[in-house]
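Below, read A as the first sequence line, B as the second, and so on, with proteins coming before strands; counting in each chain starts at 1.
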Amino acid sequence: MTTRLQKNIKQYLKDNIGIIGALLILCIFLSIFPKTSGAFLTHKNMFNVLRQISSNLFLACGMTMVIILGGIDLSVGSIIALSGCVAAGCVARYNLPIFAAIIIGILIGMAVGMMNGVVISKTTIPPFIVTLATMNVAKGLAYVYTGGSPVRVVTKAWQFLGAGYIGGVPTPVILLVFVLIITAVIMNKTKLGRHIYAVGGNAQAAKFSGISTARVKLLVHTYSGIMAGLAGVVLASRMYSGQPTAGDGAEMDAIAAVVVGGTSMAGGSGKIGGTIIGGLIIGVLNNGLNLMNVNSFWQYVVKGIVILLAVFIDYLRNKKKD
Amino acid sequence: MSEKILLQMKNIHKSFPGVKALLGVDLELRTGEVHALLGENGAGKSTLIKVLGGIYIAEEGDIFIDGQKVIIDGVNTSHANGISIIHQELVLVPHMTVAENIFLGREPGKGGWINHEAMEKEAQQLLDDYHMNIDAEALVKNLTIAQQQMVEIVKAISYNSRILVMDEPTSSISDKEVEFLFKTMRALTNKGVGIIYISHKMDELEQICDRVTVLRDGAFVGTEVVKDTTRDKLIAMMVGRELTKYYTRDYLEPGEVVLKCENIADGKMVKGASFELRKGEIIGFAGLVGAGRSEAIKCIFGLTPGSTGNIYVEGREVKIKSPVDAMKYGIALVPEDRKQEGLFKVQTVRFNSTIEVLKSFIKGIWVDSKKEEMITQEYIDMMDTRTPTQEQLMGNLSGGNQQKVMIGRWLATTPKILILDEPTRGVDVGAKSEIYGIMNELVKDGMSIIMISSELPEILNMSDRVYVMCDGRITGCFSHEECVTQEEIMKLAAK
């Protein structure tokens with residue numbers, strides 16, 4: 001058993017050596033660079049980074065599966081807005097218990113994801129188009145529901161999920177660890193996980209082996225929706241309000257985390273372990289740029305270049321292997 | 001082989017839009033028998049197998065196993081009835097391990113969980129049992145094609161099926177592995193497994209098969225006992241269609257050599273092919289799928305980087321590195337798979353007709369629409385293409401008319417050498433005859449044509465000379481005066 005674990009860890013390091021190296025370099029740089037060395041390596045800042053990346057990694061968990069399947073899910077950013085607003089509304093407008101509001105928020109994400117899944121598995125309409133449509137629908141519904149202005153929640157307990165702590169660790173970080181474990185288990189230990197790789201790698205082979213490709217697609221898109229719903233609720237809790245503008249462009253950050261993490265857009269290959277590193281790189285980078293007081297307009301430029309660089313290094317590595 | 005009937009397929013019908021693929025086919029397999037399924041390309045072998053595998057559903061006909069009628073309506077019911085299939089095209093997932101591929105869709109483990117260790121152990125055991133030097137944890141994409149094929153075979157065997165179908169399992173493995181495969185097959189038949197074996201290779205059939213069923217054009221021709229029949233008889237059954245009168249060909253004395261190819265090779269499928277083509281001549285390339293005919297042509301047309309050999313156009317040695325070079329020397333290629341390699345289905349007939357000659361009516365940013373229409377009309381008239389307007393979408397034309405537009409497109413480049421790869425595939429009889437007529441006119445006007453075709457009657461009736469290819473090499477050349485038979489060609493093509 002230990003040899004197997006050792007082997008897996010070895011393989012993990014080997015597969016991700018490039019991005020792990022990049023993350024380490026980034027962290028070392030931020031710890032010694034005069035402008036950031038004081039603030040970066042503090043306990044508080046570390047938790048802050050993790051809290052900030054949790055939403056992105058929730059999305060990235062679903063997105064990894066979707067991309068391995070050979071598809072894409074553009075609707076997740078809008079789901080964040082819709083589920084966050086409705087969950088906040090449940091507490092602020094209808095006085096529902098907080099637990100119920102959280103569940104409703106997640107269910108809304110699940111419903112949108114399921115809708116994606118049904119259309120994608122029953123038709124040959126490309127996932128890009130289907131989720132582009134639901135992205136607009138969800139975003140629109142969030143604006144309709146809120147009338148365009150944030151839904152504020154004054155109930156103190158509402159902040160627990162996004163801004164609270166459990167035993168000194170931020171709640172979203174604990175949730176994130178939990179979600180990552182579930183996702184990793186699905187991908188690596190279950191038949192569904194194998195079938196996701198199979199459908200993405202060679203749909204015909206999967207079909208000939210008796211796998212229901214429609215069922216796999218439906219489940220994966222539903223899962224992606226659930227993850228987005230969760231991210232929406234957590235974000236609404238952290239911001240004390242449901243905002244229709246929340247999650248704008250979040251799908252792109254999630255895709256970036258997945259792709260930087262080494263998952264191929266062509267489908268069939270990729271690991272959730274890589275996505276974690278990808279998400280960390282983007283999160284640490286954002287944090288570092290903030291600590292350096294880099295103008296937020298320039299932050300986009302730097303982020304874009306780093307994404308391209310990370311993928312380019314991966315490309316070179318693969319090219320050498322072939 | 002015992003007398004006990006294991007599987008019976010009766011009166012199976014299956015059609016696809018525009019094609020009747022199976023017209024009442026019967027097949028009977030006994031326990032412990034290796035039963036060959038023989039027929040030309042497109043005869044319906046793979047379709048029949050896919051009906052048995054639950055990938056296609058037959059419109060008519062019954063399947064009996066052990067005398068009991070069974071309904072096969074999907075891959076899983078096919079497996080449940082003890083059937084497993086090695087498909088002609090490799091169906092493995094490249095990014096997954098050998099073990100994961102072998103157990104795909106039926107992974108060991110309770111509920112939704114996978115027991116990885118059990119899976120790897122079982123898979124390795126299977127591979128070792130069959131003395132295959134393959135690591136169960138290796139990724140399939142890192143294996144050679146031959147190894148991948150062996151994995152497919154192990155996967156199919158591991159279902160412990162009573163009925164095993166092998167669709168050209170030896171297409172890419174070496175003699176040593178074939179020998180091993182046959183040994184495995186014998187071990188399986190001794191246990192009572194029935195095997196349906198599809199192959200073009202006659203000597204394999206004689207070596208391993210008990211009986212053989214021949215299909216032609218989707219219809220059942222007959223079942224023979226292998227040791228009581230002859231190769232010639234089987235070939236006659238396979239190609240036995242009547243030679244009809246719809247060929248037009250006026251043989252004239254061909255002129256000087258316009259194209260000469262020496263030792264064309266691509267390092268894979270083509271292993272040194274030499275041939276020549278004269279002015280006003282049609283040469284036909286006969287052979288089976290995988291013989292390297294289309295690949296040889298692709299080398300000449302500059303589509304295969306790294307191909308070797310010498311090409312002479314009108315006596316001058318030329319280097320052809322891209323289709324642009326080929327067109328410069330007056331060569332045009334109408335590809336084999338028009339849907340994949342030629343057709344813009346969602347564009348108009350006009351767009352499709354003129355895509356190769358844009359230069360002649362677009363100057364800078366100026367498009368001479370009148371000229372474009374004229375060019376399009378010229379070739380619609382010449383080919384007698386039936387389309388309501390030039391704006392009709394290609395996808396809405398029949399196969400025959402699509403092919404006419406494709407040929408017209410290349411004629412618009414005014415080539416000296418026209419290469420037609422399977423020019424009449426998926427084309428109905430009337431349009432076929434018209435295409436033959438056009439070919440005849442073209443060579444009378446001094447063009448030279450290379451035609452690749454899997455339809456022997458077409459090759460024999462249209463060609464001045466026939467080259468036969470097998471396994472990447474030219475194995476024979478006949479002139480039309482020698483009056484060779486289809487059987488003689490098949491002997492050279494199927495080794």
Side-chain angles (χ1 to χ4, degrees), chain A residues 1-5 7-8 10-11 14-15 64-65 67-70 182-216 219-220 223 262-271 274 318 320-322, chain B residues 46 49-50 52-56 72-81 83-97 99-121 137 139-142 148 151-152 155-156 158-159 165 167:
Chain A
M1 198 62 203
T2 44
T3 55
R4 191 179 180 87
L5 189 68
K7 211 180 86 190
N8 284 347
K10 228 180 187 173
Q11 186 65 36
K14 207 177 126 203
D15 287 346
T64 305
M65 288 190 193
I67 291 179
I68 288 174
L69 205 54
I182 291 176
T183 309
V185 167
I186 294 176
M187 296 302 283
N188 298 311
K189 300 282 174 203
T190 67
K191 294 177 184 175
L192 174 65
R194 291 292 90 193
H195 295 176
I196 294 170
Y197 284 102
V199 173
N202 184 344
Q204 199 191 18
K207 213 178 121 199
F208 283 11
S209 298
I211 294 169
S212 162
T213 54
R215 184 176 150 267
V216 173
L219 287 175
V220 165
Y223 189 75
T263 296
S264 155
M265 289 298 283
S269 70
K271 287 274 177 201
N318 284 327
K320 225 163 106 191
K321 259 191 270 172
D322 292 339
Chain B
S46 290
I49 288 323
K50 284 187 172 148
L52 189 60
I55 290 153
Y56 298 150
I72 294 174
D73 56 4
V75 176
N76 289 326
T77 49
S78 176
H79 285 162
N81 278 302
I83 300 164
S84 71
I85 297 182
I86 302 168
H87 290 279
Q88 188 177 6
E89 62 272 44
L90 286 169
V91 278
L92 296 171
V93 186
H95 288 290
M96 290 172 54
T97 66
E100 284 165 352
N101 267 289
I102 290 177
F103 287 102
L104 189 60
R106 52 185 180 117
E107 296 81 355
K110 287 199 185 78
W113 304 93
I114 289 184
N115 186 340
H116 280 272
E117 272 157 78
M119 186 165 82
E120 272 157 27
K121 225 171 105 187
E137 288 176 59
L139 290 181
V140 162
K141 63 173 180 168
N142 297 334
Q148 290 185 19
V151 170
E152 286 258 21
K155 177 177 174 179
S158 73
Y159 278 91
V165 183
D167 194 350

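- With respect to chain A, the highest number of heavy-atom pairs below 4.5 Å among B:Ile85, B:Asn101, B:Asn115, B:Leu92 belongs to B:Leu92.
- Neither the backbone nor the side chain of B:Glu152 comes within less than 4.5 Å of any heavy atom in chain A.
- By the neighbour-count criterion of 12 heavy atoms within 6.0 Å, atom CZ of A:Arg215 is sparsely surrounded, having that number or fewer from other residues, nucleotides or ligands.
- A:Lys191 contributes a side-chain N or O that, together with a main-chain N or O of B:Gly109, makes up a donor-acceptor pair within less than 3.5 Å.
- Looking at every heavy atom in both residues, B:Val75 comes nearest to A:Phe208 through CG1-O, 3.0 Å.
- Looking at every heavy atom in both residues, B:Glu107 comes nearest to A:His195 through OE2-NE2, 3.0 Å.
- When all heavy atoms of A:Thr190 and B:Ile114 are compared, the pair lying nearest together is O-CD1, 3.2 Å.
- Note: B:Gly105 leads B:Gly105, B:Gly54, B:Pro94 in heavy-atom pairs under 4.5 Å with chain A.
- Residues from residues 262-270 of chain A that place a non-hydrogen atom less than 4.5 Å from a non-hydrogen atom of chain B comprise A:Gly267, A:Gly268, A:Ser269, given in numerical order.
- Between B:His79 atom NE2 and A:Ser209 atom OG the span is 6.5 Å, to the nearest 0.5 Å.
- With values rounded to the nearest 0.5 angstrom, B:Met96 atom CE is found 5.0 Å from A:Arg194 atom CZ.
- Using modelled atom types, one side-chain atom of B:His116 and one backbone atom of A:Asn188 make a donor-acceptor pair closer than 3.5 Å.
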